[in-house]
Amino acid sequence: MSPTSIFAPVSTPAESILGVSIFVFSIVAVIFVVVFTLLVYAVVRFRSRGSHRTEPAQIYGSTQVELAWTVIPVLIVVALFLATARVIGSIQNQTRPQNAIEVIVTGHQYWWEYRYPRLNIITANELHVPVSDPAHPTPTFLTLLSADTDHSFWVPRLAGKTDLIPNHPNQMWIDPHETGLFLGQCAQYCGTQHAKMLLRVYVQSPEEFDRWVHEQQQLPQTAESAGKRVFESTACVNCHTISGTPAKGRFGPDLTHLMSRDTIASGAANNTPDMLSLWIRNPDAIKPGSKMPAMGLSEQDASAVTAYLETLR
């Protein structure tokens with residue numbers, strides 16, 4: 001099964017959406033069967049027989065037929081409306097418990113920023129949340145913002161699509177019932193690299209999530225090096241933040257714990273030394289049209305910066 005299939009929900013919002021989807025599909029399937037059956041009956045029953053053709057009897061003003069084709073569609077539409085409205089209301093009006101995890105999600109061209117205000121954590125592209133035990137729910141509530149243009153946050157197995165619109169905060173929530181990695185995609189065209197603005201949600205056990213939080217709250221332990229000096233003396237510091245250093249940029253992802261992530265470039269490449277080196281030297285080789293500029297570093301400086309970034313765990 002596809003990792004982005006809506007037919008394998010692991011979170012309450014996704015389960016509710018699947019339920020109403022099956023309900024709608026069942027109704028339209030019945031309509032299709034009825035209409036197709038009547039069509040076949042009419043074709044067979046009233047097909048032309050022989051060469052003698054006469055005009056069939058003309059019938060006008062059948063009140064029963066007119067009521068049937070008016071009332072039945074209206075009732076079907078009302079049923080679909082009420083079912084959909086009930087699901088939308090139950091998802092949007094969910095009460096936020098005191099133990100809920102709060103995350104501020106900001107969409108950028110073409111990457112995701114995640115801020116955990118209560119935990120004092122800032123990270124990028126890979127969202128970490130705890131599993132939610134139905135007996136003791138620990139949902140995650142997301143506030144969705146955009147730094148530039150329209151985006152859409154969509155992890156099909158966890159919840160439906162919700163847009164990120166400039167100057168218009170939106171809300172959504174998830175309560176995953178299983179641990180694992182769940183994939184998604186920016187579902188609103190946002191520019192050249194929209195297709196590579198990928199989503200990765202890591203649902204962890206409470207112990208693993210607490211360990212991740214503790215590690216993310218620590219300052220990186222790095223020694224002075226040639227790569228650090230090159231990084232801090234170039235325009236890298238204008239876009240990126242590394243806690244405990246002069247790098248305080250806000251235009252690009254926070255790199256404080258870069259090597260704790262499995263991917264770079266919003267999931268476009270695995271976070272390996274070779275791919276990281278290529279990303280520093282020539283970002284367009286991985287993600288053409290990305291906002292990450294090629295800094296024109298010498299081979300020696302690029303290798304030194306790569307080695308420095310590899311220490312950020």
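These numbers come from a predicted model, not from an experiment.
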**OP:** Over all heavy atoms of both residues, which pair between L278 and I286 is shortest? Give the atoms and the distance, please.
**Re:** CD2-CG1, 3.9 Å
Subject >> Joint cluster assignment, Y116 & L144, ILVMFWY side-chain distance < 4.5 Å >> reply: yes
Original post:
Do R313 and E215 sit within salt-bridge range, that is, some charged N less than 4.0 Å from a carboxylate O?
Top reply: no
Subject >> R261: salt bridge (charged side-chain N to carboxylate O under 4.0 Å, His left out) partners, not counting sequence neighbours >> reply: none
**OP:** Consider only side-chain N and O atoms of Q171 and T143, and report whether a donor and an acceptor are under 3.5 Å apart.
**Re:** yes
Subject >> Gap between atom CH2 of W173 and atom OG1 of T140 - 0.5 Å precision >> reply: 10.5 Å
Subject >> Which residues share a salt bridge (charged side-chain N to carboxylate O under 4.0 Å, His left out) with E310, sequence neighbours left out >> reply: none
**OP:** Taking ring pair (Phe, Tyr, Trp, His ring centres under 6.0 Å) as the test, write out the residues that go with H128, two or more places apart.
**Re:** Y202, W212
Subject >> From N125 atom CG to W111 atom CH2, the distance as rounded to the nearest 0.5 Å >> reply: 7.5 Å
Original post:
Atom OG1 of T37 and atom CG of L39: how far apart are they, to the nearest 0.5 Å?
Top reply: 9.0 Å
Original post:
Would you say the side-chain atoms of T241 and D254 include a donor-acceptor pair closer than 3.5 Å?
Top reply: no
Subject >> Flag if over 12 foreign heavy atoms under 6.0 Å of CG, N99 >> reply: yes
Original post:
Heavy-atom distance under 4.5 Å between the side chains of I280 and T306, does that happen here?
Top reply: yes
Original post:
Do T272 and N270 meet the criterion of a side-chain donor-acceptor pair at a distance under 3.5 Å?
Top reply: no
Subject >> Listed partners of Q216 passing side chain to side chain donor-acceptor pair (under 3.5 Å), at least two apart >> reply: S260
Original post:
Can you pull the side-chain hydrogen bond (donor to acceptor under 3.5 Å, both in side chains) pairs that have at least one residue in residues 144-158, sequence neighbours excluded?
Top reply: D148-H151, S152-D163
Original post:
Taking the side chain as C-beta and beyond, is there a heavy-atom pair between P139 and P97 under 4.5 Å?
Top reply: yes
Original post:
Is there a path from V201 to V10 through hydrophobic residues (I, L, V, M, F, W, Y) whose side chains come within less than 4.5 Å of each other?
Top reply: yes
Original post:
Restricting to pairs with a member in residues 77-91, which pass side-chain hydrogen bond (donor to acceptor under 3.5 Å, both in side chains), not counting sequence neighbours?
Top reply: none
Subject >> T162 vs N170, side-chain hydrogen bond (donor to acceptor under 3.5 Å, both in side chains): CA-CA, chis, key distance, verdict >> reply: CA-CA 7 Å; T162 304; N170 277 334; over 6 Å; no
Subject >> Non-hydrogen side-chain atoms of I91 and T12 separated by less than 4.5 Å >> reply: no
Subject >> For E207, salt bridge (charged side-chain N to carboxylate O under 4.0 Å, His left out) partners two or more places apart >> reply: none
**OP:** May I ask you to test the S26-V30 pair for a side-chain heavy-atom distance under 4.5 Å?
**Re:** no
Original post:
When hydrophobic residues are tied together by side-chain contacts of less than 4.5 Å, even through go-betweens, does I27 share a cluster with V35?
Top reply: yes
Subject >> E66 CD: over 12 foreign heavy atoms closer than 6.0 Å >> reply: yes
Original post:
Any side-chain heavy atom of W112 within less than 4.5 Å of one from C186?
Top reply: yes
Subject >> Which residues share a side chain to side chain donor-acceptor pair (under 3.5 Å) with T106, sequence neighbours left out >> reply: none
Original post:
Do P220 and T256 have side chains that get closer than 4.5 Å, going by heavy atoms?
Top reply: yes
**OP:** Identify, with sequence neighbours excluded, every residue that meets side chain to side chain donor-acceptor pair (under 3.5 Å) alongside T263.
**Re:** E126
**OP:** Indicate the ring-plane relationship of F153 and Y114, choosing parallel, tilted or perpendicular according to the 30° and 60° boundaries.
**Re:** perpendicular
**OP:** Kindly write out the residues that satisfy ring pair (Phe, Tyr, Trp, His ring centres under 6.0 Å) with Y41, not counting sequence neighbours, or none if the list is empty.
**Re:** none
Original post:
How about L67 and T70: do any of their side-chain heavy atoms sit closer than 4.5 Å?
Top reply: no
Original post:
Considering residues at least two apart in sequence or located in another chain, which fulfil the side-chain contact (heavy atoms from CB on, under 4.5 Å) criterion with K287?
Top reply: Y110, Q193, K196, A265, S266, A268, W279, S290
**OP:** Only counting residues at least two apart or in another chain, list the ones meeting side-chain contact (heavy atoms from CB on, under 4.5 Å) with E224.
**Re:** K228, R229
Subject >> Shared hydrophobic cluster, L276 / L297 (ILVMFWY, side-chain heavy atoms < 4.5 Å) >> reply: yes
Original post:
So H177 and E15, side chain to side chain contact (heavy atoms under 4.5 Å, CB included) or not? Walk me through it.
Top reply: CA-CA 11 Å; H177 304 146; E15 291 169 352; 3.5 Å; yes
Subject >> Check: E232 side chain, T245 main-chain N or O, donor-acceptor pair, under 3.5 Å >> reply: no
